[in-house]
Each structure stands twice: as structure tokens, then as C-alpha cells.
Amino acid sequence: MPELPEVETTRRGIAPHVVGRTVTRVIVRQPQLRWPVTAALAQQTTGERIESVDRRGKYILLGTHSGTLILHLGMSGSLRIVPADSTAMKHDHVDIVLNDQHSLRFRDPRRFGALLWTRGNPRHHPLLASLGPEPLDSDFSGAWLHRQSRHRSAPIKSFVMDSRVVAGVGNIYANEALFLAGIHPKRAAGRLSEQRCRKLADSIRWVLSEAIEHGGTTLRDFVNETGSPGYFQQMLHVYGRTGKSCHQCQRGIRLIRLGQRSTFYCPGCQH
DNA sequence: AGTGCGGCCTGTCCGC
DNA sequence: TGCGGACAGGCCGCAC
């Protein structure tokens, strides 16, 4: 479910409710997520005061004095602030109970999400260490994209979805950014000019920022920390629009598979 | 080293 | 209405 804008929307939503609070208890109803949620994690987190809520790619980082709780929402995860005594639903796997009678509740039907505890700098954690630049930071640019893509034969869409190239660009926004940049998703990454790389970097940055401003894209069941949906879906140009007419040229949007992922593009606008 | 695929899960939707 | 199969927003880890 959540791509970077949804994760950022979640981060901003929960931050005011968790920063400064202390974890009084961690309730694990279903430990089998992407990696098992251990008793040690619950023990290490309990008693810690949450000092910061950061994001790196699609990871949410809850910082405390002695370590960091790393959260990933996977495909179907969500976080909500709920009264601590509210009834847990079927897929509410973990509650981080806070000292204000509220809980940060992690729900994840497909269980591709993750909760990990790490001491020391979370950016050095194996899962985060090899992530590329943040797409909204200044070190991500057309020049970077151009340099990284030389002599690479992979389709440009797969390339920008590689988290080592740039962190957090998922399927929806990869499709949308390529449309905005006028680039065919199958084009070999290494064959893009620097100018087109610049256009693509700008498009990635623009589409992610826009989506964050609109509270994320609601597909199926994305909801923010209060349970309300995002409004970016109506802004999509290609994602999920197979056969519908292009907003720019009226031709039919096409669907192909690229690296096992649905890939949408306009045959008139993207080359 | 780079590329492409299988697999982890549940829920939903579509065609028969 | 029921059933099987395909598919879904992510990403690690493996084989080539």
C-alpha cells in the first residue's frame, strides 16, 4: 500500500502524538511479520521516551535515548493513534502503548511490514545503509541519476525503483513520474541523456511532493493516522488507467508488465 | 556486478 | 452463489 508520500503522511500524522511520550508497554499479538517481532524488541522499547519521528525512504524511525525503533509498513501496513483500551481488530498486530492512555497501533493484513530495534545510528542498519539519496533532498538530482545510470541496461522504470539508486520510489509514482517526464518505462536507463535524467528527477520530486500535499494516494484502504483517506488518486495520469484516454493526447493508456510489476504508460506521450 | 525472478501473506476482484 | 486464479502500493535474497 504505502509509498513514500503515504509513509510521510503517516509520519507527520503520528509525530505530534508520540514525541515526548514514554512507551509503557508493547503488545505483540502477531509476531510473524517480515521478520519476527521478538520479545527483546518489546523489552528494549518499553520505558523509552520517544524523542523523534523521522523517515528514511519508506522506513519510519522512532528515536529514543538508547536506540531506534525501525518501522516499515510493507504493502498493507498502517499506523494509527487509538485509545489504549480500544478493541483490537483482526490485523492489529502490535500496540505501542504510551503514557497518555493512547497507543500507536500497527495494522498489517499482509504482514510484509516490519518492526526492528537497533542501537546506535539507524542509518548504519543493514536495511538502511545501502539506500540511495532521499528523492526530496538536494543530493538527488538529474546529474546523480545520469551518473548512476551509465552503462545500465535495465529499463528506466526498474532502475528508479531500485532503492540503491534513489530511496522510496514505488510503483505508482515511478509510473507517474515517467509519464510526466515523457519517458517510456522500458527505455534502457543507460541510454537517457542528461537532460532527460534531469526532467525525470524533477518529475519524481514534483509528483512525490504533490502527493504528500494531498495526503497520499488512497488505493483500496490507505488511511492516515486518524483513519481518513488521501486525495491524490484523482490526480493520477496513468496508474490504474488502462484503456482510458490520456489527459494530454487522448490516446489509450497501455498496461504492460515490467519486472513483475504493472506498468502503465501513454504510447503517445512517452518515448 | 547487474539483472530478473521467487517468495513472504491476506484480501479482493473477475471470469467461469 | 461458489470456486479458482490472478493480482495488489514492498523488498530481501538468490541464481544466473
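Chain identifiers are assigned alphabetically (A, B, ...) following the order of the sequence lines, protein sequences preceding nucleic acid strands; residue numbering begins at 1 within each chain.
- Side-chain proximity of A:Q260 to B:dG2, C:dG9, B:dG6: nearest is B:dG6.
- A donor-acceptor pair shorter than 3.5 Å can be found between the side chains of A:S86 and A:R105.
- Counting non-hydrogen atoms under 4.0 angstrom, A:Y59 reaches the backbone sugars and phosphates but no base.
- Note on A:H151: every side-chain N or O is 4.0 Å or more away from OP1 and OP2 of B:dG2.
- Residue A:R110 has no polar side-chain atom (N or O) positioned under 4.0 Å from OP1 or OP2 of B:dC8.
- A side-chain N or O of A:S76 and one of A:D108 form a donor-acceptor pair less than 3.5 Å apart.
- Taking the P atom of each, C:dC11 and B:dT12 are spaced 23 Å apart, rounded to whole Å.
- If you check distances only, the side chain of A:R111 never reaches the base of B:dC9 with a donor-acceptor pair under 3.5 Å.
- Across every strand in view, C:dG9 sits unpaired, with no contact that passes the Watson-Crick or G-U test at under 3.5 angstrom.
- Contact annotation: A:H72 does not reach the phosphate of C:dG10 (side-chain N/O to OP1 or OP2, under 4.0 Å).
- Counting any heavy atom pair closer than 4.0 Å across all strands shown, A:R257 reaches sugar-phosphate atoms only and no base atom.
- Listed pair A:R261 / C:dG10 meets the phosphate criterion, a side-chain N or O lying under 4.0 Å from OP1 or OP2.
- Under the 4.0 Å criterion applied to side-chain N and carboxylate O atoms, A:E134 and A:R55 are assigned as salt-bridge partners.
- Checked against C:dG10, B:dG4, B:dG11, the side chain of A:K58 finds its nearest nucleotide in C:dG10.
- Both thresholds, 5.5 Å between centres and 30° between ring planes, are met by A:F112 relative to the base of B:dC8, so the two rings are stacked.
- A 3.5 Å limit on both hydrogen-bonding distances identifies no Watson-Crick or G-U partner for C:dT1.
- Salt bridge A:R29/A:D95: present, at least one basic N to carboxylate O contact under 4.0 Å.
- With rounding to whole Å, A:L127 atom CG is found 16 Å from C:dG10 atom P.
- An OP1 or OP2 oxygen of B:dG11 is reached within less than 4.0 angstrom by a side-chain nitrogen or oxygen of A:K90.
- One can place NE2 of A:H125 at 11 Å from P of C:dC12, the figure rounded to the nearest angstrom.
- A:E48 and A:S66 form a side-chain donor-acceptor contact under 3.5 Å, judged by distance and modelled atom types alone.
- Position along DNA chain B of the nearest nucleotide to A:S153 versus A:R34 favours A:S153 as the more 5'-ward residue.
- Using a 4.0 Å heavy-atom criterion, one finds that A:L33 contacts no nucleic acid atom at all.
- Among the nucleotides C:dG9, B:dT10, C:dG10, the one closest to the side chain of A:Y239 is C:dG9.
- Each of A:G168 and A:F264 lies near DNA chain C, and the nucleotide nearest A:F264 is the one positioned closer to the 5' end.
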